[in-house]
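Data block below; observations after.
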Protein chains: 2
Amino acid sequence: MTTERKKATIRDVARMAGVSYGTVSRYLNGNEHVSSSAAERIAKAIEEAQYTPNKAARSLAQQRTSMVAFIVQVESISTLMQASVSEAMANANQTLGEAGYQMVTLIANSEESTQRIAQLVQSDFADGYLMFSLSEDDSLLNIFRSANRPVVLSESNSHNTTPYPAVDFANTAGQRDITNYLIERGCAKLAYVCGPGYSPSSIKRLNGFKQAMGDRFDDGLVYYADDWEINSGELAAVAFQPRLDEVDAIACANDDIAIGVINQLHRFGYRVPDDIAVTGFDDSPIALMSDPKLTTVRQDSSLHGREMSQLLLSMLRGEAVDDHTVTMLPTTIVERQSA
Amino acid sequence: MTTERKKATIRDVARMAGVSYGTVSRYLNGNEHVSSSAAERIAKAIEEAQYTPNKAARSLAQQRTSMVAFIVQVESISTLMQASVSEAMANANQTLGEAGYQMVTLIANSEESTQRIAQLVQSDFADGYLMFSLSEDDSLLNIFRSANRPVVLSESNSHNTTPYPAVDFANTAGQRDITNYLIERGCAKLAYVCGPGYSPSSIKRLNGFKQAMGDRFDDGLVYYADDWEINSGELAAVAFQPRLDEVDAIACANDDIAIGVINQLHRFGYRVPDDIAVTGFDDSPIALMSDPKLTTVRQDSSLHGREMSQLLLSMLRGEAVDDHTVTMLPTTIVERQSA
DNA sequence: CTGTTAGCGCATTCAA
DNA sequence: TTGAATGCGCTAACAG
């Protein structure tokens, strides 16, 4: 069946087309100085030989790989499958692809895998990097410095001074806005379920809540979760139980937690939103699945992926971008039933 | 600050260590014929020069990349974020990493991206491929043939004769078992919501349902969905409405569809499972989020990723594996509340 | 417009 | 044990 011959090289094609392989190379790279007759013969030869340029050789010669690595740094696998991640990923893939770059995604979810990726980065694996980090682990950032390739971060850190340009959502404003929304609806006593401490977003959202609450902020009505998951919401509601009769609303740092809170409130016999209103954050797909449907803060993850890619592309083009630039993407309140 | 000098090469290290660069290469590749004194000096030089071998050059010279590509072929982005995908991905990453391979994931979700990946594959981008396809699009499979590198598929196709070794779940048996489970609980009249036609799993599950039903199978009580999503479940329930009073149970091809069915049944005023029992498939995280919680078929996606990787690794080691081998992974019924 | 040549950074064979 | 030489497949600069 399939003849098991070795792969054709540029020289084979040259021989078949009766030209030097320099000419073939020019043809391949869209150089204009190739006669149409030669071009034709080369095209035919490539077709016949089923020739495809070798990637390693090309990378070595031109000192670039035409690849961009999308690095997902997560504490646990469950984070990996968030809609926000895959949407950004898909959109970045699209945007980078159109610009001629192949996006490859790398998963850093352990000491070991992080180490391996660090090696890759230092060996000039890709031309640029999109760092989609959901943890505060900075170890990879140091690697980038010596690699000397453009990097764009998916999150500004809490102190707002990033080592690389970042594209982030207006987390603080988003949480502030939806908190004000609750206050305006007449909720006087508000509790808050905060996300895990390692997350910059988590901290920013808490700040937004604090801003809206001002003097009325009561740390006794804040539950600090260990992760972003449903179960944490349930735990939070349990923790609040003694004071549940006095609270009018519970704002949550993300949708999953909000779902957990609602579930537990139902078990306690409270009605949502009549007895207690609940808000989420992210507008993930499950916001529509809960009963009542979640009133939450929407952020456009596709836009996130696209903006990150575009920024990286401009850096790859050589345009100067200040390392501390932070692009803020807007968030909007989505009013549904839970508040 | 950081001196902007060019990256050190193997020659720089050699010079600093006072040896030829051939010796450095031997040292790097664990060749034993290196004197300990030379080894020491080389180690120091590498440290000082912050040297890391260039990946492209190494790949070119040894004709291997030490990378495995995990290709996710999806019709829509929503598929990408399924728990089954990310769990398999994370586990494959782990397994391959331990064996010294870097896993990179590629997303094929458009004509364009598929084309780009085809190019990559032909240019010997990776040493092996894990094909996680959720569509029946075979275009990439032809590419692999000429690339002549090991490939493992995540799904056997419906006619059970794959062009490459595959690791798949026992979909047919799983759906048959849970259907029998319903029958044994006294459900006489069963409806079925089938997944999208392009999916091999979808077809296999339908077959399982048919097997369990035998003569009682009634095509009028089968709804053929266009995708795997919640909304399709709602549409299915609507389609069944005229005959809903006579059905005892609705088996669904996946959990999301089952959730949609339950939601719609609730709107129609039916109680689940008292009036109508509902089953899902996958045991995805949302199976726990519905009310009532889903009785469903569990498949271990981590195992899936691991088995696929191990099979690929054995092929990379040169062990012979028949192209048509299909490893079947077991499924189990998880009994909760919906049936 | 095209052929020739010199690397890109490293692995590996052959001598020494 | 080590140095020198050759080649991996391709790009790019230089002649012509």
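Quick note on labels: first sequence line is chain A, next is B, and so on, each numbered from 1.
Regarding A:Gln122, its CD atom lies at a distance of 16 Å from the C1' atom of C:dG9, rounded to whole Å. The CG-P distance, from A:Leu28 to D:dC10, rounds to 8 Å in whole Å. Atoms NZ (A:Lys7) and C1' (D:dG9) sit 11 Å apart, rounded to a whole Å. What separates CG of A:Leu60 from P of D:dG9 is a distance of 12 Å, to the nearest Å. Distance A:Phe125 CZ to C:dC10 P: 17 Å, rounded to the nearest Å. In this structure, NE2 of A:His33 is placed 18 Å from P of D:dG16, rounded to the nearest angstrom. Between B:Arg64 atom CZ and C:dG9 atom P there is a gap of 22 Å when expressed in whole angstrom units. Residue A:Arg26 contributes atom CZ, which lies 11 Å from atom C1' of D:dA15 at whole-angstrom precision.
Nearest to the side chain of A:Ser20, among C:dG3, D:dG3, C:dC10, sits C:dG3. The side chain of B:Ile10 lies closest to C:dA11, out of D:dG9, C:dA11, D:dT2. Here the nucleotide nearest the side chain of A:Pro53, chosen from D:dC10, C:dC10, C:dG3, is D:dC10.
Positionally, the nearest nucleotide of DNA chain C for A:Ala39 lies more toward the 5' end than for the other of A:Ala39 and A:Arg11. For the pair A:Gln62 and A:Val34, both in contact range of DNA chain C, the more 5′-proximal nearest nucleotide belongs to A:Val34.
The distance from atom CD of A:Gln94 to atom OG of A:Ser309, rounded to the nearest 0.5 Å, is 10.0 Å.
Heavy atoms of A:Ala56 sit nowhere under 4.0 angstrom from any nucleic acid atom. At the heavy-atom level, A:Tyr27 lies nowhere under 4.0 Å from the strands shown. Using a 4.0 Å heavy-atom criterion, one finds that B:Val24 contacts no nucleic acid atom at all. When heavy atoms are screened at a 4.0 angstrom cut-off, B:Ser35 is found touching the sugar-phosphate backbone but no base atom.
Contact annotation: B:Tyr21 side-chain N/O to D:dA5 OP1/OP2 distance is not under 4.0 Å. Side-chain N/O atoms of A:Asn29 include one lying less than 4.0 angstrom from OP1 or OP2 on D:dT11. Applying the 4.0 Å criterion to OP1 and OP2 of C:dA11, one finds that B:Gln63 has every side-chain N and O outside that range. Phosphate proximity of D:dT11 to A:Arg58: present, with a side-chain N or O under 4.0 Å from OP1 or OP2. Residue A:Ser25 places no side-chain N or O under 4.0 Å from the OP1 or OP2 atom of D:dC10.
Inspection of the A:Thr65 and A:Asp127 side chains reveals an N or O donor paired with an N or O acceptor under 3.5 Å. No side-chain donor-acceptor contact under 3.5 Å links A:Gln119 and A:Gln115. Under 3.5 Å, the side chains of A:Thr95 and A:Gln310 contain no donor-acceptor pair of N or O atoms.
A salt bridge links A:Arg149 with A:Asp124: the distance from a Lys NZ or Arg NE/NH1/NH2 to an Asp or Glu carboxylate oxygen falls below 4.0 Å.
In this pair, A:Phe70 and A:Phe132 present their aromatic rings parallel. The plane angle is below 30°, not in the 30 to 60° band.
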